[in-house]
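Chain letters run A, B, ... following the sequence lines, proteins first and then strands; every chain starts at 1. Only a predicted model underlies this, so the values are computations on that prediction, with no experimental measurement involved.
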Number of protein chains: 2
Amino acid sequence: MEFSEAKNKFVQTWGALGSQWGINKTMAQIHALLMIAPEPLSMEDIMEELQISRGNASMNLRALMDWGIIYKEYKPGERREFFTSEKDLDELAVKIAQERSKREIKPALKVLKEVSTSVGGTSAEAKHFTEQTTKLYDFVLKADNMLEKVTEFKDNWLARLVVKIMK
Amino acid sequence: MEFSEAKNKFVQTWGALGSQWGINKTMAQIHALLMIAPEPLSMEDIMEELQISRGNASMNLRALMDWGIIYKEYKPGERREFFTSEKDLDELAVKIAQERSKREIKPALKVLKEVSTSVGGTSAEAKHFTEQTTKLYDFVLKADNMLEKVTEFKDNWLARLVVKIMK
DNA sequence: TTGAACTTTCAAAAATAAATGAAACTTATT
DNA sequence: AATAAGTTTCATTTATTTTTGAAAGTTCAA
C-alpha cells in the first residue's frame, strides 16, 4: 500500500471509531494525525492535511487540549504553535476515562441517586421503580469506579484494581 | 418528588447517557421505560409515554431486540405484542459489550492491522507510522479482548478475567 | 503604538442523524 | 376470501451536530 493511502485510511478509521465513541470525527482525526506525525504539526499543517477550516481546527485542537491528550509545543525562533499528541497509550486511556467519567457519568449518577431515593408511596409501580433505579445506580457506580480506578495506577493497573475491588 | 416527575427524570437521564455512548436517545429512553415497568408494555404504551410516532417506536424496538436487550412477549388472548427488558444488569453489560465489539471495534481492528503491516519504505515517516499504528493495533486489541472476556463469565467475571490475562 | 503573524470566537450554513406518518405488509379471525 | 388488528418500511421532514469563514482578539517585534 502507498504510504499516503495507508495514512489516509488510518486517519479515516480513527475518525470513525472516535465518532462512534462520542468524540467528534474531526477531533479524532486530528488526534490520529498527531499520533503518527514524527514531528509536531502546526495548525496550518493540520488544516492542509485534513482539508478543514481554520475555525474547525482551532476548536478541535482546543478540545483535545482540554481532554489533556495533545500538547502545545513552541519551537525556538518560531512564532507559530505546534502540537504533539500524548503517545503513551495507557496514559491516553486514563485521560479519556477521567474525562468521560467527569462529563457524563457523574452527572447521570447524581440524577440516578436522586430519583432512586425520592419516590415514596406503596404502589407496586413506585416500589418497582425504586428497586430498579437503585440497582441501576449501583451498577453505574460500579462501572464508574472501575473507570476511575484505572486512573490511579498506570502500570499493571488491572491487577491492582482487582485487589482493591475484591478485598 | 412526584412519581411521575422521578420517572420522567430517569427516562430523560438514561436517554442522555445513551446518546453520549453511541446509542440513540429514543432507543435508550425506551429501554429506560421497560427497565422500570413492572409489566410488559405494548408499542401503544411506549408511544404514548414517550410521545413518539409509531414508526420511531417500531424501529427502535427492533434495534433493541437486535442488541438482545429487550424481548417480545405474547399475552394469551392478546393480539398485540408486548415488550420487556433484560433486567439482569450484568447480562445487559455483556450484550452491549458484544454488540459494540462486533459492530465497531472489530472493523477498526481490521483496518489497523492492514495499515500497520502494509507500509514499506525506509523513510522516517514510514517507520514512525508503522511503529505507531502497530502500537495502536495492540492497544485496541487488548481493549477489545477485555470487552470480549467479559462475555465469557457472567458471575465474578472481573476476577476470572484477571486470572486469564495475567497468567 | 503600529502592524504583521497568528489564534479564537461565533453567527450562519452545511452536513448528518433521527423522527414522522401514511402506505404497504402480515397475520389472525370470521 | 374479506376484513380487521397490528406491525414495518421508507421517502420526506425536522432536529441536532458540525463546519465554515470572516471579524475580533492576541502577541510580539520594530
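An OP1 or OP2 oxygen of D:dT18 is reached within less than 4.0 angstrom by no side-chain nitrogen or oxygen of A:T26. Residue A:N60 has no polar side-chain atom (N or O) positioned under 4.0 Å from OP1 or OP2 of D:dT18.
With rounding to whole Å, A:Q29 atom CD is found 14 Å from C:dA15 atom C1'. Distance A:N56 CG to C:dT7 P: 15 Å, rounded to the nearest Å. As a whole-Å value, the separation of B:I52 CD1 from D:dT7 C1' is 14 Å. B:F83 places its CZ atom 6 Å from the P atom of D:dT8, with the value rounded to the nearest Å. Regarding B:R62, its CZ atom lies at a distance of 13 Å from the C1' atom of C:dT26, rounded to whole Å. One interatomic measurement links the two molecules: CG of B:L61 to P of D:dG6, which rounds to 16 Å at whole-angstrom precision. Rounded to whole Å, the distance from NZ on B:K25 to C1' on C:dT16 is 16 Å. The distance between atom CZ of A:R54 and atom P of D:dT18, rounded to the nearest whole Å, is 22 Å.
With respect to B:I70, the side-chain contact (heavy atoms from CB on, under 4.5 Å) criterion is satisfied by exactly one of B:L41, B:N60, B:L61: B:L61.
Of the candidates C:dC10, C:dT7, C:dG21, the closest approach to any side-chain atom of A:M43 belongs to C:dT7. Taking only side-chain atoms of B:S58, from C-beta outward, the nucleotide of D:dT8, C:dT20, D:dT19 with the closest atom is D:dT8. The side chain of A:R80 sits closest to C:dT7 out of C:dT7, D:dT8, D:dT20. Each of D:dT19, C:dT7, C:dA19 was ranked by its minimum atom distance to the side chain of A:E81; first place goes to C:dT7.
Contact of the B:K102 side chain with the B:Q98 side chain is not registered, since no non-hydrogen atoms from C-beta on lie closer than 4.5 Å.
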**Request:** Please test A:F3 against B:F129 for ring pair (Phe, Tyr, Trp, His ring centres under 6.0 Å), starting from the C-alpha separation and ending with a verdict.
**Result:** CA-CA 9 Å; A:F3 174 61; B:F129 177 85; 5.5 Å; yes
**Request:** Apply salt bridge (charged side-chain N to carboxylate O under 4.0 Å, His left out) to the pair B:E2 and B:K7, showing each step before the final yes or no.
**Result:** CA-CA 9 Å; B:E2 284 291 327; B:K7 184 169 167 180; over 6 Å; no
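Taking the charged nitrogens against the carboxylate oxygens, B:R80 and B:E44 have no contact shorter than 4.0 Å, which rules out a salt bridge.
Donor-acceptor pairing under 3.5 Å, judged by distance alone, is present between the side chain of A:R79 and the base of D:dT27.
For the pair A:G55 and A:E78, both in contact range of DNA chain C, the more 5′-proximal nearest nucleotide belongs to A:E78.
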